[in-house]
Amino acid sequence: MENTLLVELSRSQFALTALYHWLFVPLTLGLSFIIAIMETIYVKTGSAEWKKITRFWMTLFGINFAIGVATGIIMEFEFGTNWSNYSWIVGDIFGAPLAIEGLMAFFMESTFFAIMFFGWDKVSKKVHLTSTWLVAIGSNLSALWILIANGWMQNPVGMKFNLDTARFEMHNFFDVIFNPVAVSKFLHTISSGYVMGSLFVIGISSWYLLKGKDTLFAKRSIMVAASFGLLTSIFLITTGDESAHQVALKQPTKLAAMEGLYDGAKREGIVAIGQLNSDKKIGDKQDEFDWSIKIPYALSFLGFRDINAFVPGIDDLVYGNKKIGIEPASEKLAKGKIALNALRSYKNAKKANDLQEAKKSLVKFRAYEKYLGFGYLKDPKQIIPPVPLTFYSFHIMVGLGSWFLILFALSLYFTSVGKIEKQRLLLRLGLFSIPLGYLAGEVGWIVAEVGRQPWAIQDMLPTGIATSQLDSSSVAITIGLFTVLFTALLIAEIKIMLTQIKLGYKGA
Amino acid sequence: MSICKKILFFYVDGFKSMKVGKKLWLIMFIKLFIFFFILKLFFFPDILQTKFSNDKDRANFVIENITKCLTISKANQ
């Protein structure tokens, strides 16, 4: 029952739509708060200049929101068509968060959006400001629910598999929403949006300064964005650290791939920069890197909060490590097959109305349930995600995140001392950092999603089993359609935005 | 003026005074039309909803699917 091409196409289709969707979301998350801060300054000072500044960025926010809105709905279509097994299995867990998201997003954003855009000079300043803040909070809360769902896939908690309904059923709502992986994922993701929003404002303002146009507006915008960006960058690094800690605890294979670590050790260092040895194979004695620079002890400390901690490598996770108490993957595969066979026996016993056999099979299934997903794998090596893609994506993300912190600090400093317009190199770097912000967000998602392969649900359901049996050519056609459609939307957004930017803030 | 009328005029005035917004609404409508009336209808049927009329049949179908394919290849990860 394998159709490798179909699974690969379904994955590519989902990846394409998710990556395109993520081009629109982070700017909405970040720019909404920057606008709210700018409007707060306007309300506090009563300055007409700040009102114009707020309205200019609000226009760009509106363009991004309008073009990006509903691009995520495509992924829900795909769940029903391309991932029908998966969507049925997780329906009970995902139903509540996604329904709450839909309701909250619709009511909160649609109501206060109207006041934010149509309410200038029609409602009081305070009502307008409150609406702007509520749009920002509402947009960010919308992201909460989908990220809870994603966090559950990385660390399935608060659920039990029902063999009769073939569904993971929610047993504890609070375990699901306070899942530590979901909490850290939510905070890390929204803070990446704040950084993106700040980069966007700094980049465009830098362009104005480079052109010598609307300089007061540009400097004021940079001041707000750099302050917000600096604070949220620190928050981003903190939440990233917590995310990585959760990965170390819950998804050790992902951590090993992120670090290109094959041979685990105590007091393990973190790779600051390096080039993977492309000939390296699991279990051989070759070096992991052609060259690398490591920060000693850092991986043990950041991963496990203990510089003496053992960090398992890919070899330890595949072949086991008795000294440390790591079970070989081959044993997990054997236990997974017991769980899968018990599931099959239960199903057959129920069909034959043999309740005694069904009960026996259920007891056996429960004993081996946590290994269920391993039962589908042929080879222990299959537990390892694609190492180069995960490793390089992770390091690009971290490198860019560090650069953004420096950019915000320098921009804030030079704006504070009134010398920002003379720093032409910094202004150019600010402008070119806009696409880098998008790149950092996208590679971050690659780390999260490619790094957890082979699982659709960690340890429980491999991606290959989650797909629907469809005609591969129909999936290929929709990939083509999406590429054309989303590219057209992106071009439209960039074109409309550039027109507005060229008009300047006085034309907003 | 009643509160309903005020709200109505608020929206009508808002839409009338839009500049770039009109273009954006047009793009939004075209996009939503493509999503819901072309993609959803012709390319993205909900397989379990269209194939089966009740949850019991859907559950049996999925159980069948996840128990018959006992192993996956490396490429299917």
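The sequence lines fix the lettering, A, B, ..., with proteins before strands; numbering per chain opens at 1.
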Strictly by modelled atom types, are A:T165 and A:E169 linked by a side-chain donor-acceptor pair under 3.5 Å? yes

Quick check on the interface: out of A:T499, A:L163, A:L333, A:T478, who has the most heavy-atom pairs with chain B under 4.5 Å? A:T478

Using the six-membered ring wherever Trp is involved, compare the ring planes of A:F14 and A:F79 and label them parallel, tilted or perpendicular (cut-offs 30° and 60°). tilted

Taking every heavy-atom pair that is under 4.5 Å apart, which of A:T467, A:I67, A:L6 has the most such pairs with chain B? A:I67

Selection from B:D46, B:I47, B:N60 maximising heavy-atom pairs under 4.5 Å formed with chain A: B:I47

Between A:K254 (side chain) and A:P385 (backbone), is there a donor-acceptor pair under 3.5 Å? no

When the 4.5 angstrom heavy-atom criterion is applied to B:L32 and chain A, the contacting part is side chain

For B:K56, which atoms come within 4.5 Å of any heavy atom of chain A: side chain, backbone, both, or neither? neither

Show me the side-chain donor-acceptor pairs of residues 481-496 of chain A shorter than 3.5 Å, one per line, residues at least two apart or across chains.
unit_1, atom_1, unit_2, atom_2, d
A:T483, OG1, A:I479, O, 2.7
A:T487, OG1, A:Y20, OH, 2.7
A:T487, OG1, A:T483, O, 2.4

Honestly, the part of A:I89 sitting under 4.5 Å from a heavy atom of chain B is side chain

Proximal component of A:I73, with respect to chain B [non-hydrogen, under 4.5 Å]: side chain

Given A:T59 and A:F117, is the side-chain contact (heavy atoms from CB on, under 4.5 Å) satisfied, shown in steps? CA-CA 9 Å; A:T59 305; A:F117 280 97; 5.8 Å; no

Does A:R167 qualify as a cation-pi partner of A:W88, given the criterion of NZ or CZ under 6.0 Å from the six-membered ring centre and within 45 degrees of its axis? yes

Quick check on A:S84 against chain B: is it the side chain, the backbone, both or neither that has a heavy atom closer than 4.5 Å? both

In terms of heavy-atom proximity below 4.5 Å to chain A, should B:I38 be classed as side chain, backbone, both, or neither? neither

In terms of ring plane angle, is the pair A:F161 and A:F365 parallel, tilted or perpendicular, where the classes change at 30° and 60°? tilted

Heavy-atom count around A:K122 NZ within 6.0 Å, excluding the residue itself: above 12? yes

Can you say whether A:I74 sits under 4.5 Å from chain B via the side chain, the backbone, both, or neither, judging by heavy atoms? side chain

For B:I63, is it the side chain, the backbone, both or neither that has a heavy atom under 4.5 Å from a heavy atom of chain A? both

Segment of B:K40 engaging chain A (4.5 angstrom heavy-atom cut-off): both

Chain B contact via A:D164 - which portion, at a heavy-atom distance below 4.5 Å: backbone

Do any pairs count as a side chain to side chain donor-acceptor pair (under 3.5 Å) and have a residue in residues 65-77 of chain A, sequence neighbours left out, and if so which ones? A:H21-A:T71

